[in-house]
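Since the structure comes first, as structure tokens, the remarks are kept for the end.
Along the sequence shown, residues are numbered consecutively beginning with 1.
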Amino acid sequence: MKKNKLILKHCPNFYKIINYEIAPDDNITLKLLNIYQNYIFSIDINNDEDLHRIEKFDYVFNKYLEDYFFRKDMKSRLLSIKVSKNAPNLAEILVDSIISAFELYETGYTRNIYFARWI
């Protein structure tokens, strides 16, 4: 039980993410939610790199749920990820791909200026 409390300490958005209402036809978000839950509770809590990765993943997934433009961009990026069947840790590769896609989005988003159109 102590492991779960420590993991939740490093994932401040956990309950917000778990309680998010997903549209019935949004299969990608549902799959990502399953990956999120399975991955964060499967890490080694003694490994600082894993703890840092779940903190970042928690932040990125929360951003995914809150930001429409990021969600749209991430869905298109997720469909282009290629992973070998013989990959040793599929969940870790997906998490790293999601985090790197977020970093690319942040780089591109800060360069673009969006103007709201007032009616």
Next on the checklist: Parallel, tilted or perpendicular: which one describes the rings of F70 and F102, with boundaries at 30° and 60°?
Outcome noted: perpendicular
Checklist entry - Run the side-chain contact (heavy atoms from CB on, under 4.5 Å) check on Y20 and E66 step by step: do they pass? => result CA-CA 10 Å; Y20 184 80; E66 290 180 346; over 6 Å; no
Item to check | Closest contact, heavy atoms only, P12 versus D58 | outcome: CD-OD2, 3.2 Å
Next on the checklist: Does any part of the side chain of Y39, heavy atoms only, come nearer than 4.5 Å to the side chain of I43, both counted from C-beta?
Outcome noted: yes
Checklist entry - How many angstroms lie between CG in L30 and CG in D25, if you round to the nearest 0.5 Å? => result 11.0 Å
Checklist entry - Within a strict 4.5 Å, meaning less than it, do heavy atoms of the L104 and R77 side chains meet? => result yes
Checklist entry - Under 3.5 Å, is there a donor-acceptor pair between the side chain of N19 and the main chain of Y15? => result yes
Item to check | K75 versus D26, closest heavy-atom pair with distance | outcome: NZ-OD1, 3.1 Å
Checklist entry - Which class fits the ring pair F57 and F61: parallel under 30°, tilted 30 to 60°, perpendicular over 60°? => result tilted
Next on the checklist: If you compare all heavy atoms of N47 against all heavy atoms of E49, which two are closest, and at what distance to 0.1 Å?
Outcome noted: OD1-N, 3.0 Å
Next on the checklist: With side-chain contact (heavy atoms from CB on, under 4.5 Å) as the criterion, how do I28 and L79 come out once you've worked through the C-alpha distance, each side chain's angles and the decisive distance to 0.1 Å?
Outcome noted: CA-CA 9 Å; I28 294 175; L79 294 175; 4.3 Å; yes
Item to check | Spatial distance of atom OG (S42) from atom CD (E92) [nearest 0.5 Å] | outcome: 9.0 Å
Checklist entry - Below 4.5 Å, heavy atoms only, C-beta onward: do I7 and I54 meet side chain to side chain? => result yes
Item to check | Check against side-chain contact (heavy atoms from CB on, under 4.5 Å), I22 and L65 | outcome: CA-CA 9 Å; I22 300 171; L65 295 176; 5.7 Å; no
Checklist outcome for this item: CG (L32) and CG (N27) are apart, to the nearest 0.5 Å, by 11.0 Å
Item to check | side-chain contact (heavy atoms from CB on, under 4.5 Å) between I98 and L78, intermediate numbers included | outcome: CA-CA 8 Å; I98 291 168; L78 286 172; 3.8 Å; yes
Checklist entry - Any chance NZ of K9 has more than 12 other-residue heavy atoms, nucleotides or ligands included, within less than 6.0 Å? => result no
Checklist entry - Atom CG of L51 and atom NE2 of H10: how far apart are they, to the nearest 0.5 Å? => result 4.5 Å
Checklist entry - Do the non-hydrogen side-chain atoms of L33 and I18 ever get within less than 4.5 Å of each other? => result yes
Item to check | Proximity of F14 and F41 rings by center, below 6.0 Å | outcome: yes
Item to check | Heavy-atom check, side chain of D67 versus side chain of M74, under 4.5 Å | outcome: no
